[in-house]
Protein chains: 2
Amino acid sequence: MSDLGAALDIVGARWGLLIVERLLDGPQRYGDLQRDLGVGTNMLATRLRELEAAGVLSRLPLRHNTRAYALTERGLALREAVVALRRWGAAQGVGGAQDGQAL
Amino acid sequence: MSDLGAALDIVGARWGLLIVERLLDGPQRYGDLQRDLGVGTNMLATRLRELEAAGVLSRLPLRHNTRAYALTERGLALREAVVALRRWGAAQGVGGAQDGQAL
DNA sequence: CCGTCGTACTTCACTTTTGGAAGTATCAGG
DNA sequence: CCTGATACTTCCAAAAGTGAAGTACGACGG
């Protein structure tokens, strides 16, 4: 398995990088992520479990049955990749800009 | 749809970025990609069609029924993202480095 | 103590995507 | 016309994703 393959095995699944992107803005609760991303609650639970197992994020217990999800160092290290992909995606929307200095 | 979402819509599907990665080394033929990636021929054909439709790659006719797939400017612009993800993936393989100064 | 509310999931039935094997199309060479 | 190489297409079963509904748990009001 190549390095890229290993990375995609962890964050390449549907919603994986989108969840990480949201968490780059700071810790979020389950309901926040669900409403923000528009992802089904079962998918979200599955992805969060996988990403936690992979050491990308961790659960922070808040009050009783409430908790927050926050990126670990490993998860924060994905910022470069997320930014690079986001810039590329933004450039596509413009209609064909090969040079995009906007960030 | 966010910029990241738009990007993942194009190259976020299984094998999408892996194909782009191979093509970053230069144009490749169908059979090369298939053997190199170990992807099923149906998946490969489907992804190549989608990526071509998205303007990420183009077909270069070679001899009779042989052709090569090459990245367009748009496809080449994905190099940053691929490299960022590859680096992240490589850091994970080390075994648990929260601080990765490698590379 | 009991019913209700909010938050975090789990379960189920259904659709879409993926993966593997086998078949088709096209052209060159003999 | 038959064989071989290359590039796909088609078919079917398995895996993954989706949406709706249900469960678990603790706080809160009566």
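All of these numbers come straight from a predicted model, not from anything done at the bench. Values below: all heavy atoms of this structure, side chains included; hydrogens, waters and symmetry mates excluded. So that the names make sense, note that chain A is the first sequence line, chain B the second, and so on, each numbered from 1.
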Without decimals, in angstroms, what is the distance between [X] [atom1] and [N] [atom2]?
X	N	atom1	atom2	result
A:E50	C:dT10	CD	P	12 Å
A:L44	D:dA16	CG	C1'	16 Å
B:R49	D:dA7	CZ	P	15 Å
A:Q28	C:dT7	CD	C1'	15 Å
A:Y30	D:dC25	OH	P	16 Å
A:L62	D:dG26	CG	P	15 Å
B:L60	D:dT6	CG	P	18 Å
A:D9	D:dA15	CG	P	16 Å

Which of these nucleotides, [options], is closest to any side-chain atom of [X]?
X	options	result
A:W15	D:dT18, C:dG6, C:dT18	D:dT18
A:M43	C:dT7, C:dA28, D:dG17	D:dG17
B:R47	D:dC8, C:dC9, C:dT18	C:dT18
B:R14	C:dT18, D:dT6, D:dC8	C:dT18
A:N65	D:dA5, C:dT17, D:dC25	D:dC25

Is [X] near enough to [N] that one of its side-chain N or O atoms lies under 4.0 angstrom from OP1 or OP2?
X	N	result
B:R29	D:dA5	no
B:R59	D:dA7	no
A:R67	C:dC9	yes
A:R63	C:dT7	no

(message) I need the minimum non-hydrogen distance between B:A81 and A:A84, along with the two atoms involved.
(response)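 So the minimum-distance heavy-atom pair works out to CA-CB, 3.6 Å.
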(message) For B:L71 versus B:V20, what's the shortest heavy-atom pair and its separation?
(response)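 Minimum heavy-atom contact is CD1-O, 3.9 Å.
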(request) Decide salt bridge (charged side-chain N to carboxylate O under 4.0 Å, His left out) for B:R22 and B:D36; before the verdict, give the C-alpha distance in whole Å, the side-chain angles of both, and the deciding distance to 0.1 Å. (result) CA-CA 8 Å; B:R22 286 292 68 218; B:D36 220 20; 2.6 Å; yes
Checking [X] side chain against [Y] main chain: does a donor-acceptor pair fall under 3.5 Å?
X	Y	answer
B:R35	B:Y30	no
A:R47	A:R14	yes
B:W88	A:R74	yes

(message) Run the side-chain contact (heavy atoms from CB on, under 4.5 Å) test against A:R49 and tell me which residues pass, sequence neighbours left out.
(response)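 side-chain contact (heavy atoms from CB on, under 4.5 Å) list for A:R49, sorted by chain: A:A45, A:T46, A:R59.
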(message) Under 4.0 Å, heavy atom to any atom of DNA chain C: which of residues 31-42 of chain B qualify?
(response)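 Residues of residues 31-42 of chain B under 4.0 Å from DNA chain C: B:T41, B:N42.
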